[in-house]
Amino acid sequence: MPLTPEQQDEIAAERGGIRPTRRATVPALEEILYEPLPVLDHGFVRVVDYMGDDGAIVQAARVSYGRGTRRVSEDRSLINYLMRHRHTTPFEMCEIKYHVKLPIFVARQWIRHRTANVNEYSARYSILDNKFYVPSPEHLAAQATTNRQGRGKILEGATAQRVLDLLREDADRAYAGYAELLNEDTSGAAIDPNRPGLARELARLNLTLGFYTQWYWKTDLHNLMHFLSLRADPHAQYEIRAYAEIMLDTLKRWVPMTYAAFLEYRMNAATISAAGLAVIRRLLAGENVDQAASNLSPREWRELMTLLGRAA
Ligand SMILES: Cc1cc2nc3c(=O)[nH]c(=O)nc-3n(C[C@H](O)[C@H](O)[C@H](O)COP(=O)(O)OP(=O)(O)OC[C@H]3O[C@@H](n4cnc5c(N)ncnc54)[C@H](O)[C@@H]3O)c2cc1C
């Protein structure tokens, strides 16, 4: 994730400035404010702004005039209660803004989350970096045989090498074509002064989904947790999960009580259907239930047994 010296200077200048404020700030998040947290081979996530803290959620829920004098344990209980009962609006009182550098195929999944404000780097206006994603060897896997939307065995040896060569060669060729179409180097100077370059908005057409783009992404805490519950989940593709996991760490720094409640009642919790609940009740009563007598499909049965840590 190498940044240019100018980008590093800008970040250092932001981090060097201290602004007095009456608003709530969170020291653990301030510690990493503006800092790029590396993700994948060239990506990053950085928190560039935030509003609110755990106290702001409690204040909103109580519609109070100030921070009050209640004990930490009371605030924690209230946050747990809100999370448990899906009383979500107090969580919408906090906001966070990220700057993210991510491959275009990850951005396509991410942009499906409509409840955020997004401003993307303009490839009509600016030239995209020569940065494309190449999976590290442990993530280079074959198509899964049991799940059409997933990966199977890790590729090895000559097969893995061929895949890596193809990914790199195709991306290098695509970027060389992009530069030739633009007829412009990264400083903006013409490569061949005797011919016009193609418009930037058209020259980008041959770049592949592995190239990196960037955006500012702002959302509220409720919708951030919705995003994380879907994208930090093992069912999400590894590459977007890598971003979500880093963002989970920022959530922990920002609103530690909410983070703990989120893990307890959302991330590490489970939703069980009415038929599933009936099976659990019968099992607890000592009945010997099997799939055929459960009113569950074989797949639902397998999922429930996995949840309960029992052989299907
Ligand atoms: C593992 C996984 C696999 C996926 N596979 C596919 C796939 O194969 N193809 C595909 O197209 N997508 C796929 N998606 C994307 C998925 O269908 C959702 O579009 C994405 O996760 C965003 O979720 P969301 O709509 O809940 O989020 P947001 O857009 O942030 O919306 C949050 C909530 O706001 C409400 N909301 C927002 N906008 C509207 C609206 N216009 N109307 C009504 N309610 C609204 C809904 O309650 C929604 O849950 C996949 C997602 C995951 C996590």
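Bear in mind the structure is a predicted one, so any value in this text is a computation, not a measurement. Read the numbers this way: they start at 1 and go in the same order the structure lists the ligands and their atoms.
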Review point. With a cut-off of 6.0 Å (strictly less than), are more than 12 heavy atoms of other residues, nucleotides or ligands near OH of Tyr81?
Key: no
Point to revise | Sub-4.0 Å protein heavy atom near atom 47 (O) of ligand 1 | key: no
Point to revise | Tyr243/Trp110 aromatic ring centres below 6.0 Å | key: yes
Check your understanding: Tyr175 and Asp129: side-chain donor and acceptor closer than 3.5 Å?
Key -> no
Exercise for review: Could you tell me whether Arg112 and ligand 1 have an N or O pair separated by under 3.5 Å?
Suggested key: yes
Point to revise | Any protein heavy atom nearer than 4.0 Å to atom 43 (C) of ligand 1 | key: no
Check your understanding: If you measure every N/O of His226 against every N/O of ligand 1, is any gap under 3.5 Å?
Key -> yes
Check your understanding: Less than 6.0 Å separating the ring centroids of Tyr259 and Phe262?
Key -> no
Exercise for review: Could you list which atoms of ligand 1 come closer than 4.0 Å to a heavy atom of Leu230?
Suggested key: 21 (O), 23 (O), 53 (C)
Check your understanding: Going from CG on Leu251 to CG on Leu221, what distance comes out if it is rounded to the nearest 0.5 angstrom?
Key -> 6.0 Å
**Study point:** Which residue and heavy atom of the protein sit nearest atom 34 (O) of ligand 1, plus the separation
**Key:** Thr115 CG2, 4.0 Å
Review point. Given the protein's heavy atoms, is any one of them under 4.0 Å from atom 22 (C) of ligand 1?
Key: yes
Review point. What do you reckon, is CZ of Arg108 surrounded by more than 12 foreign heavy atoms closer than 6.0 Å?
Key: no
Practice item. Considering heavy atoms of the protein only, find what lies nearest to atom 35 (C) of ligand 1 and give residue, atom and distance to 0.1 Å. Key: Arg114 NH2, 4.7 Å
Review point. Less than 6.0 Å separating the ring centroids of Phe44 and His99?
Key: yes
Exercise for review: Measure from atom 16 (C) of ligand 1 to the protein's non-hydrogen atoms and state whether any distance is below 4.0 Å.
Suggested key: no
Point to revise | Contact partition for Gln109 relative to ligand 1, non-hydrogen atoms under 4.0 Å | key: neither
**Study point:** Nearest-contact summary for atom 14 (N) of ligand 1 - protein heavy atom, Å
**Key:** Arg231 NH2, 4.4 Å
Point to revise | Residue from Leu228, Val47, Val39, Leu37 passing side-chain contact (heavy atoms from CB on, under 4.5 Å) with Met247 | key: Leu228
Point to revise | Rounded distance (nearest 0.5 Å) linking atom CG of Asn206 with atom CG of Asp170 | key: 11.0 Å
Review point. Identify the closest protein heavy atom to atom 1 (C) of ligand 1: which residue and atom is it, and at what distance?
Key: His235 O, 3.6 Å
Exercise for review: List the closest protein heavy-atom neighbour of atom 8 (O) of ligand 1: residue, atom name, distance to the nearest 0.1 Å.
Suggested key: Gln149 NE2, 3.3 Å
